[in-house]
Number of protein chains: 2
Amino acid sequence: MNNSRIIYKVVRAYYEDRLTQQEIGNKYGISRIKVWRLLSKALNDKIVEIKINTPAETNHSLEQQLENKYGLKEVVVVKTESDSQNDVVASIGQAGASYLLKILEGDESLGISWGRTILALVNALHNSNLPNLKIIQMIGGLGYPEEELSGTELTRRMANALNATPKILNSPGIVATSTTCKALKSDPQVSSILKMAKKSSISLVGIGHFSTELGSKKLNSILSEKDIETLGEKGAVGDISLRFFDKEGQFIKDGINKRVVGLTIDELRNIPRRIAIAGGKHKLTTIKAALKGELINILITDKNTAIELMK
Amino acid sequence: MNNSRIIYKVVRAYYEDRLTQQEIGNKYGISRIKVWRLLSKALNDKIVEIKINTPAETNHSLEQQLENKYGLKEVVVVKTESDSQNDVVASIGQAGASYLLKILEGDESLGISWGRTILALVNALHNSNLPNLKIIQMIGGLGYPEEELSGTELTRRMANALNATPKILNSPGIVATSTTCKALKSDPQVSSILKMAKKSSISLVGIGHFSTELGSKKLNSILSEKDIETLGEKGAVGDISLRFFDKEGQFIKDGINKRVVGLTIDELRNIPRRIAIAGGKHKLTTIKAALKGELINILITDKNTAIELMK
DNA sequence: AAAAAATATGTATTTTTGTTCAAATGTTTT
DNA sequence: AAAACATTTGAACAAAAATACATATTTTTT
């Protein structure tokens with residue numbers, strides 16, 4: 001057998017099956033020393049890579065200050081490498097993943113929304129084994145389904161990583177007319193998931209930034225121009241699972257609410273532990289609003305945002 | 001010192017600095033056996049993770065058939081796990097990364113475009129050390145600059161991973177008027193980068209799929225509706241670095257070409273080694289067209305696409 | 001505060017891994 | 001085809017890591 005093929009078998013046997021070099025040698029009929037040489041080569045050629053997961057450094061005093069100021073159950077403040085949106089998202093995603101793994105008991109329901117930050121969290125999750133945990137998609141599909149960050153994909157991937165059960169909401173997140181929406185909501189498949197979502201003990205959401213300008217690309221492809229206009233006029237600054245609110249965190253009443261397939265704002269607010277994961281400069285006003293409206297009670301954010309929130 | 005802090009020091013010392021457990025024990029004043037226990041714990045708690053990079057399996061006979069049929073310099077055909085766009089992109093990205101590392105001599109210029117597939121490639125790159133390599137951004141910034149897949153970000157990240165020199169094109173990829181475009185192109189900063197790009201010995205591009213329908217979201221946010229309409233009328237099926245072509249791979253002449261800050265189609269075609277990385281069902285026609293027009297001469301794709309291309 | 005239980009630590013021993021060196025095999029040059 | 005050179009191989013040894021077991025320390029319970 002060719003070296004280049006056997007090296008992968010050896011590497012697997014050593015690191016995954018935890019056999020000794022001698023055992024591997026016997027198994028494949030090569031000398032122990034050759035096994036060792038293949039393993040060295042693998043390390044050298046980066047066929048195996050060793051990754052050290054340094055935990056995000058947190059800032060305890062800021063966390064407590066924020067908890068007190070806004071009356072939150074828990075706050076996680078991570079120091080970020082740089083202020084670039086990419087870094088911030090990756091860091092809070094990682095911190096969010098650790099936090100989640102820490103608090104999950106294994107026998108509960110977790111409703112999740114969607115977005116870049118949640119994607120980062122999912123990417124940072126280590127594999128775990130929580131077979132009695134349900135991951136529930138709280139909002140219908142948004143964006144393009146082939147995208148990594150579609151709610152469905154995120155739900156599936158998260159459930160996969162945790163070895164939990166995914167509960168997929170088989171519906172678009174927002175539809176053209178309230179009639180369609182009603183019809184969907186009365187569909188047994190959809191309604192059963194929404195019922196479950198409503199009873200979740202924990203929710204995990206991103207906080208969407210709203211602006212009538214370009215730049216809020218996320219929404220541009222989802223909402224019509226007219227929707228954006230009316231929401232803007234009514235003072236929307238952001239959304240959680242497509243429920244929009246103004247800068248005081250007050251819910252915005254609008255026809256759009258009758259076209260969203262997902263939990264209502266009250267149902268969202270009724271979930272006992274509501275984790276939001278959001279950070280970055282441009283989200284400051286929106287996060288503040290969500291806190292004021294008590295839409296969430298657990299916040300995972302970056303240090304800069306935390307400092308600004310304390311001002 | 002607290003366990004939870006020292007464990008990271010120990011892990012670093014062991015895996016990064018390659019000290020023995022005894023040496024680490026002496027260094028931090030703890031017993032060798034305790035060092036061992038910390039290391040076990042680290043492994044258990046996934047503070048260290050061991051990643052095995054299985055190379056993408058390739059299909060040699062298909063590769064050769066494609067090389068012959070289309071007269072290509074080289075073809076890489078990867079087997080993918082599933083047909084989902086995510087999987088395909090990740091797999092060809094990985095294969096592209098290996099291919100690139102294999103062919104790079106270390107003393108050349110590599111022009112790159114942008115897109116999801118190139119992002120996947122960059123993500124799959126191992127760190128390397130090619131200080132004499134230049135990574136040149138061939139097309140101005142597109143999409144939202146804070147996005148991971150902006151050309152600038154990709155160029156920077158790739159250069160970073162390879163320890164090469166990034167050459168950033170400080171300009172939008174497409175502008176509103178040909179006058180602006182001319183002005184930009186005459187800017188010394190921009191023109192010097194474009195000159196370098198033109199002389200690259202290798203180019204690495206994605207193949208953009210064009211359609212007048214929704215779904216081609218990539219372009220929707222970049223081109224105006226009018227642009228899309230006229231391109232559609234002229235039979236555009238795709239683009240490479242925003243140079244559009246029809247289903248025969250023939251370049252589409254249109255006013256839009258005077259508004260693109262990037263290499264011209266001829267300049268692109270003059271680069272000796274033109275690597276395209278693209279796959280997935282919906283890109284079939286577009287890839288075929290690019291091959292017919294000899295816009296590329298090296299192709300990295302997935303098995304399904306390869307089979308379809310052979311029909 | 002004493003007893004019980006759980007957790008942490010260290011010594012001694014066994015097992016596994018890493019290194020050296022000389023012989024064997026393969027490759028290139030003349 | 002022989003010589004010169006490079007590469008691969010495995011036995012023997014040295015070094016390091018893993019385990020078992022006994023003891024000490026801390027935490028929890030009574």
Side-chain angles (χ1 to χ4, degrees), chain A residues 1-55 58 60 64 74 98-99 101-107 126-130, chain B residues 1-55 60 98 101-106 126-129:
Chain A
M1 195 183 301
N2 188 342
N3 259 7
S4 63
R5 257 184 286 165
I6 203 168
I7 193 167
Y8 294 102
K9 301 203 174 199
V10 168
V11 164
R12 283 245 157 61
Y14 191 71
Y15 290 103
E16 283 179 359
D17 306 341
R18 301 254 154 216
L19 303 184
T20 67
Q21 299 178 358
Q22 186 62 66
E23 286 169 323
I24 298 169
N26 296 341
K27 188 168 175 183
Y28 296 112
I30 53 184
S31 71
R32 186 191 68 79
I33 201 68
K34 184 159 186 187
V35 172
W36 181 77
R37 280 178 183 134
L38 286 172
L39 287 170
S40 305
K41 187 172 152 54
L43 218 53
N44 203 50
D45 296 358
K46 299 198 177 162
I47 289 171
V48 289
E49 282 183 291
I50 291 168
K51 197 182 141 211
I52 301 175
N53 298 312
T54 328
T58 54
H60 196 62
Q64 289 222 297
E74 195 151 3
S98 316
Y99 178 76
L101 287 172
K102 197 182 77 187
I103 63 157
L104 285 176
E105 304 270 341
D107 191 13
H126 304 150
N127 289 340
S128 190
N129 183 33
L130 303 167
Chain B
M1 198 183 299
N2 188 340
N3 258 5
S4 63
R5 257 184 284 166
I6 204 168
I7 193 167
Y8 294 100
K9 300 204 174 193
V10 168
V11 163
R12 285 247 154 61
Y14 191 71
Y15 290 104
E16 282 178 0
D17 306 341
R18 301 252 152 219
L19 302 184
T20 68
Q21 299 178 357
Q22 186 62 68
E23 287 169 323
I24 298 169
N26 296 340
K27 190 167 174 185
Y28 296 112
I30 53 184
S31 72
R32 191 191 69 74
I33 201 67
K34 182 157 186 188
V35 172
W36 182 77
R37 282 178 182 135
L38 287 172
L39 287 170
S40 304
K41 185 171 154 53
L43 218 52
N44 203 52
D45 297 358
K46 301 202 174 156
I47 289 170
V48 290
E49 279 183 293
I50 291 168
K51 197 181 142 210
I52 301 174
N53 299 310
T54 328
H60 196 61
S98 315
L101 287 172
K102 196 181 79 187
I103 63 158
L104 286 176
E105 305 269 343
H126 303 150
N127 289 340
S128 189
N129 183 31

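None of the values given here were measured: they were computed from a predicted structure. Residue numbering restarts at 1 for every chain, and letters A, B, ... go by the order of the sequence lines. Atom set for the values below is all heavy atoms of this structure, side chains included, hydrogens, waters and symmetry mates excluded.
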S.K.: Using a cut-off of strictly less than 4.0 Å, decide whether Ser31(B) has a side-chain nitrogen or oxygen near OP1 or OP2 of dT9(C).
M.R.: no
S.K.: Who passes side chain to side chain contact (heavy atoms under 4.5 Å, CB included) against Ser40(B), sequence neighbours left out?
M.R.: Trp36(B)
S.K.: Report the residues that fulfil side chain to side chain contact (heavy atoms under 4.5 Å, CB included) with Asp107(A), sequence neighbours left out, ordered by chain and then residue number.
M.R.: Asn132(A)
S.K.: Would you say Ile30(B) and Ile6(B) make side-chain contact, with heavy atoms under 4.5 Å?
M.R.: yes
S.K.: Residues in side chain to side chain donor-acceptor pair (under 3.5 Å) with Asn129(B), at least two apart?
M.R.: Asn163(B)
S.K.: To the nearest Å, give me how far apart CZ (Arg18(B)) and C1' (dT19(C)) are.
M.R.: 16 Å
S.K.: Identify, with sequence neighbours excluded, every residue that meets side chain to side chain contact (heavy atoms under 4.5 Å, CB included) alongside Arg32(A).
M.R.: Gln21(A), Gln22(A)
S.K.: Just jot down the side chain to side chain contact (heavy atoms under 4.5 Å, CB included) partners of Lys46(A), sequence neighbours excluded, or say none.
M.R.: Glu49(A), His126(B), Asn127(B)
S.K.: Between the opening five pairs and the closing five pairs of the helix from dA1(C)-dT30(D) to dT30(C)-dA1(D), how far apart are the helix axes, to 10°?
M.R.: 40°
S.K.: Strictly under 3.5 Å: I want the nitrogen or oxygen pairs between protein and nucleotides 17-20 of chain D, one per line.
M.R.:
unit_1	atom_1	unit_2	atom_2	d
dA17(D)	OP1	Tyr14(B)	OH	3.3
dA17(D)	OP2	Gln21(B)	N	2.8
dA18(D)	OP2	Gln21(B)	NE2	3.0
dA18(D)	OP2	Trp36(B)	NE1	2.4
dA18(D)	O5'	Trp36(B)	NE1	3.0
dA18(D)	N7	Arg32(B)	NH2	3.4
dA18(D)	N6	Arg32(B)	NH2	2.9

S.K.: Does Tyr99(A) have any side chain to side chain donor-acceptor pair (under 3.5 Å) partners at least two apart in sequence or in another chain, and if so, which?
M.R.: Glu74(A)
S.K.: With Thr20(B), which residues qualify under side chain to side chain donor-acceptor pair (under 3.5 Å), at least two apart?
M.R.: Glu23(B)
